[in-house]
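Notes follow once the structure below has been shown.
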Number of protein chains: 2
Amino acid sequence: MTPLNYKHLYYFWVVAQEGSMTRAAERLDLAIQTISGQLSQLERQLGKSLFAAHGRGLALTEAGRQALGYADQIFQLGDALVSALSSSDHENTVRLRVGISDGIPKLLAYRLLSSVYKMPVDVRLICDEGEFETLLADLALHRLDVVLTDRPAPIGGNLKVFSKRLGDFATGVFGSALLAERYKVGFPQSLDGAPMLLPTRHNALRSRIDRWLEQSGVRPRVVGEFEDSALLNTFGREGLGLFSAPLALATQIAEQLAAQALGPMPGVSEHIYAISNERRIRHPAVEVLCAASPQDETPAAL
Amino acid sequence: MTPLNYKHLYYFWVVAQEGSMTRAAERLDLAIQTISGQLSQLERQLGKSLFAAHGRGLALTEAGRQALGYADQIFQLGDALVSALSSSDHENTVRLRVGISDGIPKLLAYRLLSSVYKMPVDVRLICDEGEFETLLADLALHRLDVVLTDRPAPIGGNLKVFSKRLGDFATGVFGSALLAERYKVGFPQSLDGAPMLLPTRHNALRSRIDRWLEQSGVRPRVVGEFEDSALLNTFGREGLGLFSAPLALATQIAEQLAAQALGPMPGVSEHIYAISNERRIRHPAVEVLCAASPQDETPAAL
DNA sequence: GGGTTGTCTCTGAAAAAAACGAAGTATTTT
DNA sequence: AAAATACTTCGTTTTTTTCAGAGACAACCC
């Protein structure tokens, strides 16, 4: 429940700006009695005085000053809403705001998102990158429609979201021409002592890679750990070390990163999840995105 | 003018969350006809449909989705306002949120602010540091009550603020014991070639120092330029170079920075301005602050 | 295909909230 | 002490919100 009357708050806001009820009444084209009455109602509802008599005028109380700060933001947002909606467009276009977790391969994100362009309306994609937690917070505030990450949303979270696995992508080891040449023979044993670039431990894939390395009994030389997959790829492209990537992207990786696959990492696969708000009215493009790869939905509640 | 009915917006928000007018009506304890009517009024006022029929239910339009984002923020702020005001305190305390420009000496800021503690109520000071422009933006949003800087607010600005000069502080050259010993004799000519730490050109004081150096015909060796005065002082304390500071603070500088004055820089003085919002109802602590040093007020309009 | 259900829309009347005119209370100015 | 300024209070009018009743429409069930 929101026991706050925004009309009253608006009058309060104008009075605070104008410095007097008389001036505010003039600006709002209302009688001063109205302002006075509505204002005292607001004060009664909030249980605090917002103004104190000061001479024959008014002075803000501490509570009033604090309220003013909030009111400023509220009405600024209200104006922004009106102008955003009046600025035409969004007639036949759908805007999809996607948050992409640092760690997931950008090419994979692209491939998954490409499905939304098959919709019968114009789609405008707004992509945002960042950390998992940050993106989830933006999702909660409806600043994002969907978040693409490498793990489902935490189960105990107070956020009502659900996570949908978009697919499993088998992963392999890649490297620049020189490195691939050197370490291809005898893969995966050849990796022992080989320079390697890995995602940081924040990435869900990392633990799976570690497990695989251990099971294979090889110990590469870890020359770098990266939060961001694009950065990791750039280092990989320059031949600083071998790196992992989805095998499904081998062609694009060859083109864009001039790197080739050494071999697969069985059991190591990249899971991509789409996390969206649990709401009755879903975003049509999110529906399309989730429907593109028919897997079981995994409600956040479990 | 704010042609936005927040009550209508609130109903819209609840409907969007619940996914149907029926459920929203239940939650709001209203008849469904009310919701329906108010919602279409909102749509008429905004000039956009927010919902579209979808089966026997509703679907958000693109405009609706956009509006929802704003509504989320607005009502979150409203809740925050209510809870902030209900959480007691601010009965007999006054909160003063001060922004302190990077460049101005912290000791000076302290000295100027100390006047507010003489008020007959409890004062809680909330200090924030940052760049001039950033602080001015925060001031406009009422996130700050006053900004302490080394220059008045720009005159052409679209912000309604006024700048009050709090005082002129004659400035001198200071240095650690070793440096002071070495360069004290023959001051200021001795400064020629002496290592010196200066504020960056963003600081209003810098040009005055440069002018003085030129007029005195000395050319020190500039070993560092600092945006932040505290950082500059730290380097000065370690004896990396001579530095300028208000002569009025000589005692504290001796104590805290183990540095002593070499001599004055005539004509070079630090001006401190208090910039506050041009509003009829001023913050009482800002009044006290500005009254503490009776100088002419300089309206931002000129 | 026809009945049923769930969901939203369109009336017009009732209830609630907001707005105003008139008179009243402070406080400052002259 | 009177005039002027600024906010309050009271009772009435106006506007807005709310709801009951009736209707439209799509999905579902047999």
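Here is the naming used below: chain letters follow the sequence lines, and residue numbers restart at 1 for every chain.
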Review point. According to a strict under-4.0 Å criterion, is A/Ser36 in side-chain N/O contact with OP1 or OP2 of D/dT8?
Key: yes

Point to revise | Residue-phosphate contact under 4.0 Å: A/Thr22 side-chain N/O, D/dT5 OP1/OP2 | key: no

Review point. At under 4.0 Å between heavy atoms, what does A/Thr34 touch on the DNA or RNA strands: base, sugar-phosphate, or nothing?
Key: base

Review point. For B/His8 and D/dT16, is the shortest distance between a side-chain N/O and OP1 or OP2 below 4.0 Å?
Key: no

Check your understanding: Is B/Gln33 side chain donor-acceptor paired with the D/dA20 base, going by distance under 3.5 Å alone?
Key -> yes

Check your understanding: What integer distance in Å separates B/Arg44:CZ from D/dT17:P?
Key -> 11 Å

Check your understanding: Are A/Pro154 and A/Leu136 close enough that some pair of their side-chain heavy atoms sits under 4.5 Å apart?
Key -> yes

Practice item. Using a heavy-atom cut-off of under 4.0 Å over every strand shown, decide if B/Tyr11 touches base, sugar-phosphate, or nothing. Key: sugar-phosphate

Check your understanding: Please give, in whole Å, the distance from C/dT9 P to B/Leu42 CG?
Key -> 13 Å

Review point. Expressed in angstrom and rounded to an integer, what is the separation of A/Ile32 atom CD1 from D/dC10 atom C1'?
Key: 16 Å

Review point. Between D/dT17, C/dT7, C/dT9, which nucleotide gets closest to the side-chain atoms of B/Met21?
Key: C/dT9

Study note, to complete from the structure: Here the distance between atom C1' of D/dC7 and atom CD of A/Glu18, to the nearest Å, is 16 Å

Exercise for review: For B/His54, answer base if it contacts any base atom (sugar-phosphate contacts may also be present), sugar-phosphate if it contacts only those atoms, and nothing otherwise; contact means non-hydrogen atoms under 4.0 Å.
Suggested key: nothing

Point to revise | Salt-bridge contact A/Glu62-A/Arg65 (side-chain N to carboxylate O under 4.0 Å) | key: yes

Practice item. For A/Asp29 and C/dC20, give me the distance from atom CG to atom C1', rounded to whole Å. Key: 12 Å

Exercise for review: Assess the pair A/Tyr6 and A/Phe75: is the distance between their ring centroids shorter than 6.0 Å?
Suggested key: no

Review point. What nucleic acid atoms does A/Ile35 come within less than 4.0 Å of, heavy atoms only: base, sugar-phosphate, or nothing?
Key: nothing

Point to revise | Length of the CD-P vector between B/Gln41 and D/dT15, whole Å | key: 14 Å

Exercise for review: Between B/Ser40 and A/Leu30, just flag the one whose closest nucleotide in DNA chain C comes earlier from the 5' side.
Suggested key: B/Ser40

Exercise for review: Using the closest heavy atom to pick a nucleotide of DNA chain D for each, name whichever of A/Val15 or A/Lys7 lands nearer the 5' end.
Suggested key: A/Val15

Review point. Going by heavy atoms in the side chains, are A/Trp13 and A/Leu68 under 4.5 Å from each other?
Key: yes

Practice item. Grab the two heavy atoms, one from A/Asp145 and one from A/Val286, that are nearest each other, plus how far apart they are. Key: O-CG2, 4.0 Å

Review point. Between A/Leu39 (CG) and C/dA19 (P), how many Å, whole number?
Key: 12 Å

Revision key, fill the gap. To the nearest angstrom, the CD-C1' distance between A/Glu26 and D/dC7 comes to 15 Å

**Study point:** Under 4.0 angstrom between B/Asn5 side-chain N/O and D/dT17 OP1 or OP2
**Key:** yes

